Visitor: 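Take this structure, written in structure tokens, and hold onto it; I'll ask about it next.
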Number of protein chains: 2
Amino acid sequence: MRDVAAASGVSQATVSFVLNDAPGQTIPAATRERVRRAADELGYRPHSIARALREGASRIVVLEAGGLPRGHHLSSFIAGLDEELGAAGFGLLVSYGEGVSARAAITAIEPRAVIDLPAVCAGPDHDVADGGWIDGMVAHRLVQLRHLVARGHRAVAVAVPAGDDPFLALMAGQVRDAAEELGLPEPLPLVVDGDPEKPVGALKAGVTAVAALTDDLALGVLAVLADTGLSAPGDLAVIGFDDTPHGALWRPALTTVRLDARAYGRRTARTLLGLPVGDARPAPARVIERASA
Amino acid sequence: MRDVAAASGVSQATVSFVLNDAPGQTIPAATRERVRRAADELGYRPHSIARALREGASRIVVLEAGGLPRGHHLSSFIAGLDEELGAAGFGLLVSYGEGVSARAAITAIEPRAVIDLPAVCAGPDHDVADGGWIDGMVAHRLVQLRHLVARGHRAVAVAVPAGDDPFLALMAGQVRDAAEELGLPEPLPLVVDGDPEKPVGALKAGVTAVAALTDDLALGVLAVLADTGLSAPGDLAVIGFDDTPHGALWRPALTTVRLDARAYGRRTARTLLGLPVGDARPAPARVIERASA
DNA sequence: GAACTTCGCTGATACGAATAAGTGACCGGT
DNA sequence: ACCGGTCACTTATTCGTATCAGCGAAGTTC
């Protein structure tokens, strides 16, 4: 920056004013031009560490995606964040909770903001904070269940994991809400833990279809079905949620729901940056129809 | 740091000397103790941005894992890096090439070092640089092929992807080397692109088993086999490589090879830090025997 | 024409740490 | 008694940027 100042015949302060479009500064177009050109020719890049020291935080936003299911949903949310943050000159770092040193790195970065996605989703204020996430999620679950209803199913189970993850518990609630809205009987939980008796029991209880909280759980159901000589969709229809790449590799290939979380990502980014939310309208979820339901 | 200095009655410089164990400084134990205690009581944490500005680079190492197959291999390599870097006070950031803003973030960090893993693996000097990676990889492929040989197979194909990724090409070469070492005929490539004719053709050519470059490719082979009414291991034995979680969910469950890349990760970290390599001995690869081979 | 404002800048300072250079007190040797 | 050296520190500077306070000249107002 000092070099740029020398090259354009002004002081370092002026260079800073010009390059940052500092408000409250009156600098004639001619000078601006000179400074910009000099910066360009010298290949000046702001030193982000120095800037972070001065500003008290780096221009980096961290997304904590800890134990979240990875699928199209998360990827497109990230893509949306990426888009808006990138445009605003911010960097995005995604942390999958990979160990001590990752944690050390994040504190070392002094990020401008940390988005704790599991907490946002599980917390009480998420729909306020990001403008309708919850309603969106229930709407997505409606798409999932409607596909089963359209095939004539009414006795539906929800595939849930063995543990009690708060995020997945929230998802289960959304499925229940969606079922109620469709006038279906309350869906039974089907715990996916490798035990082949579980789906057999569900069948005996009259269940004809399973909506899984995530694709991986759906694959777990398909696996235990195969272990008992049963198959989807003949014996039990199975629909996943969130289109992970592996769903397409299974046989029968997994029917699933694909979300467009990009708009939510953009919205989150814009709120974070203090910008008006603008036109970020999420595309509706749609069923990726393959073989399993 | 200024507060710590005031609290312990010394100058800021002395505090820095004590807390960093500066060489060439003679500071009596009593003073050191006072300073340490004051730092502790005040909850002093070094400001990593300021430190990075002073030192010219942050204490963060970035691992670029771009298009690498994700599996146990990559995870344990990361775990190894994590262990050593964390112990040395460094942070580790893993980049999966997620977009523009991720790239922006990485340059904004001014990392101490960037490990470009695909380049390291595909480059000519990788075995020198990390102490035997290549030999290790061929040894791992031997484990994979030996499992097939022990089941009576000799006509083996390699499942390869449709594109031409340099990293996967390298892997294919390692399989060939391993086959040669076992005295097997040169393995035919079996391109995995969803076309069911490919495995049928291989069968006609007398192939009885497939060693896949990665688990995902193995799953692709299982999928097209199922599409033609064939199955593993009866019609064609299939073994994967690198134990991705989804392999266990398939039916027949995927037999695969599990690598311990942790030692390589530790080794890489220590070399990077300029430390002696030490005792990082990689555990041998082992076959995770499930149903498909 | 004196006072005041606006324009177009510059100089200095701060952010928090690391470190080179210096400084007074004390000790040992001659 | 004087010199040199070590000990135990302190002072001052540096990293690159943002921003506050100020300053001379020109223009405006009364």
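Computed from a predicted structure; not experimentally measured. Lettering follows sequence order; numbering is per chain, from 1.
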Visitor: Taking the six-membered ring of A/F241 as reference, does the cationic atom of A/R141 (NZ for Lys, CZ for Arg) lie under 6.0 Å from its centre and within 45° of its axis?
Guide: yes
Visitor: Using atom CZ of A/F17 as one end and atom C1' of C/dC7 as the other, report the distance to the nearest whole Å.
Guide: 13 Å
Visitor: I want to verify a distance call: between C/dA17, D/dA18, C/dA18, whose nearest atom is closest to the B/H47 side chain?
Guide: C/dA17
Visitor: So, OP1 or OP2 of D/dG16: does either fall under 4.0 Å of a side-chain N or O from A/R54?
Guide: no
Visitor: Starting at the 5' end of DNA chain D and moving along, which residue's nearest nucleotide shows up first, B/V10 or A/R59?
Guide: B/V10
Visitor: Between D/dT17, C/dA18, D/dC9, spot the one nearest the side chain of B/S16, thanks.
Guide: C/dA18
Visitor: Consider the side chain of A/P28, meaning its heavy atoms from C-beta on, and name the nucleotide among D/dA18, C/dG8, D/dC7 that approaches it most closely.
Guide: C/dG8
Visitor: With the side chain of A/A50 defined as its heavy atoms from C-beta on, choose the nearest nucleotide among C/dA12, D/dT17, C/dT19.
Guide: D/dT17
Visitor: Nearest whole angstrom, please: distance from the P of D/dT17 to the CG of A/L19.
Guide: 10 Å
Visitor: Take atom CZ in A/R103; do more than 12 heavy atoms of anything else shown fall under 6.0 Å from it?
Guide: no
Visitor: Would you kindly give the CD-to-C1' distance between A/E55 and C/dG16, to the nearest whole Å?
Guide: 16 Å
Visitor: Can you tell me the distance, in whole Å, between the CZ atom of B/R2 and the P atom of C/dA17?
Guide: 9 Å
Visitor: Please state whether the phosphate of C/dA17, meaning OP1 or OP2, lies under 4.0 angstrom from any side-chain nitrogen or oxygen of B/Y44.
Guide: yes
Visitor: Round to the nearest Å and state the distance from B/E110 atom CD to D/dC15 atom P.
Guide: 15 Å
Visitor: Run through A/D40, A/V18, A/V15 and flag the one making a side chain to side chain contact (heavy atoms under 4.5 Å, CB included) with A/V4.
Guide: A/V15
Visitor: Here's a test for you: under side chain to side chain contact (heavy atoms under 4.5 Å, CB included), which of B/E55, B/H47, B/R54 qualifies with B/R51?
Guide: B/E55
Visitor: C/dA20 P sits how many Å from B/Q12 CD, rounded?
Guide: 14 Å
Visitor: With a 4.0 Å limit, can you tell me whether A/T14 has a side-chain N or O closer than that to the phosphate oxygens OP1/OP2 of C/dG8?
Guide: no
Visitor: Counting only heavy atoms not in A/R36 (residues, nucleotides, ligands), do more than 12 fall under 6.0 Å from its CZ?
Guide: yes
Visitor: For the side chain of A/R51, starting at C-beta, report the closest nucleotide among C/dG8, D/dA18, D/dA8.
Guide: D/dA18
Visitor: By the 4.0 Å heavy-atom rule, please label B/R32 as base, sugar-phosphate, or nothing.
Guide: nothing
Visitor: Would you kindly give the CG-to-P distance between B/L42 and C/dA17, to the nearest whole Å?
Guide: 12 Å
Visitor: OP1, OP2 of C/dG8 versus side-chain N and O of A/T31: anything below 4.0 Å?
Guide: no
Visitor: CG of A/L53 versus P of C/dA17: gap in Å, rounded?
Guide: 9 Å
